[in-house]
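As the structure lists them, so they are numbered: ligands from 1, and atoms in each ligand from 1.
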Amino acid sequence: MKIALLGYGKMGQTIEKIAVSRGHEIVVVVDENTKEYDITLADVAIDFSIPSVAVNNISNCFNNNVPVVSGTTGWLADYQKMVDLCNEKNGGFIYASNYSLGVNIFFELNQHLAKMMKNLSQYNVTMEEIHHKQKLDEPSGTAITLAEGVIEHTKYNGWEVDKATEELNIPIKAIRSPEVPGTHTVDYTSEVDSIEIKHTAHNRQGFALGAVIAAEWLVGKHGVFSMRDVLGL
Ligand SMILES: NC(=O)C1=CN([C@@H]2O[C@H](COP(=O)(O)OP(=O)(O)OC[C@H]3O[C@@H](n4cnc5c(N)ncnc54)[C@H](OP(=O)(O)O)[C@@H]3O)[C@@H](O)[C@H]2O)C=CC1
Ligand SMILES: O=C(O)C1=N[C@H](C(=O)O)C[C@H](O)C1
């Protein structure tokens, strides 16, 4: 498979190693300094860039009939626009806030726990995400997905960073600490006890492997998909 890497930072470089080890070829690499590139050289594009360019990168793929796996976070206000463009162009698209197998299992666990807590109004939910200091967005995309999972099944109807000013918003604490690849905690606390679920990434390999597996899965398909589709969860 010929791959275009849109974004060649911490993730782009990790993805390159895993993709090559699985027999794929990197035919396009794009970073901040790239002036022009031919996306049509690739069978699939993998975008791990920065929030301000993600929409442009993804649109360029759809406009050139190249399926795209998007891992960039912090641009989701435009997600529906990209879904519409994908459908209009009959393209192939996967966005996931987190591509690691472990986090996708954690997402399922989070939803299952939220369903069980549905009627237990004595518990208040709080979340915490910890990431390296270079991260541009907060809260993390993963924390937003976790919050959406809780909101779907409980009394909560929104989220806020740090402190919640609305009673039914989930407060998400975003901590920045050197070198942390990504740690997420969901906590239910009552007067008498707490229930906590936590995922800790030890490095970026899980994210990168998941993104390459998603790209392998997407080639030849048309439509908008998720990691649940890829992993058959
Ligand atoms: N979904 C998931 O599983 C995961 C998502 N992420 C997300 O992926 C994104 C990238 O993370 P990470 O690799 O750690 O970040 P980095 O800052 O290490 O890398 C970002 C890259 O984007 C490049 N870039 C800047 N402008 C452009 C442009 N116009 N077109 C293409 N690339 C550009 C930068 O170029 P230059 O180096 O020249 O500045 C850099 O190579 C973030 O949004 C992060 O939240 C991260 C991990 C997992
Ligand atoms: O920026 C990162 O590093 C990460 N970003 C993703 C997010 O925002 O959730 C995924 C992972 O936590 C690492």
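When only interatomic distances are considered, the shortest N/O to N/O separation between Glu32 and ligand 1 falls below 3.5 Å. Ligand 1 has no nitrogen or oxygen under 3.5 angstrom from a nitrogen or oxygen of Gly12. In terms of polar-atom proximity, defined here as any N/O pair under 3.5 Å, Pro51 makes no such contact with ligand 1.
The closest side-chain donor-acceptor pair between Asp187 and Thr185, if any, does not fall under 3.5 angstrom. Between the side chains of His24 and Glu216, at least one donor N or O sits under 3.5 Å from an acceptor N or O.
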Distances for all N or O pairs of ligand 2 and the protein under 3.5 Å?
unit_1   : atom_1 : unit_2 : atom_2 : d
ligand 2 : 1 (O)  : Lys135 : NZ     : 2.8
ligand 2 : 3 (O)  : His132 : NE2    : 2.7
ligand 2 : 5 (N)  : Lys135 : NZ     : 3.1
ligand 2 : 8 (O)  : Thr73  : OG1    : 3.4
ligand 2 : 8 (O)  : Lys135 : NZ     : 2.7
ligand 2 : 8 (O)  : Gly141 : N      : 2.8
ligand 2 : 9 (O)  : Gly141 : N      : 3.3
ligand 2 : 9 (O)  : Thr142 : N      : 2.8
ligand 2 : 9 (O)  : Thr142 : OG1    : 2.5
ligand 2 : 12 (O) : His131 : NE2    : 2.6

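Distances shorter than 4.0 angstrom occur between a heavy atom of Lys135 and an atom of ligand 1.
Lys173 has no carboxylate O lying under 4.0 Å from a charged side-chain N of Glu160, or vice versa, which leaves the two without a salt bridge.
At a heavy-atom distance under 4.0 Å, only side-chain atoms of Asn57, from C-beta outward, approach ligand 1.
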_Using the rule given for salt bridge (charged side-chain N to carboxylate O under 4.0 Å, His left out), can you reason through Arg228 versus Glu108, listing the C-alpha separation, both sets of side-chain angles and the distance that settles it, and then say yes or no?_
CA-CA 9 Å; Arg228 295 197 82 208; Glu108 299 296 311; 2.9 Å; yes
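When the side-chain hydrogen bond (donor to acceptor under 3.5 Å, both in side chains) test is applied to Tyr8, the partners found at least two apart in sequence or on another chain are Glu16.
Atom 37 (O) of ligand 1 has as its closest protein heavy atom Asp31 CB, 4.5 Å.
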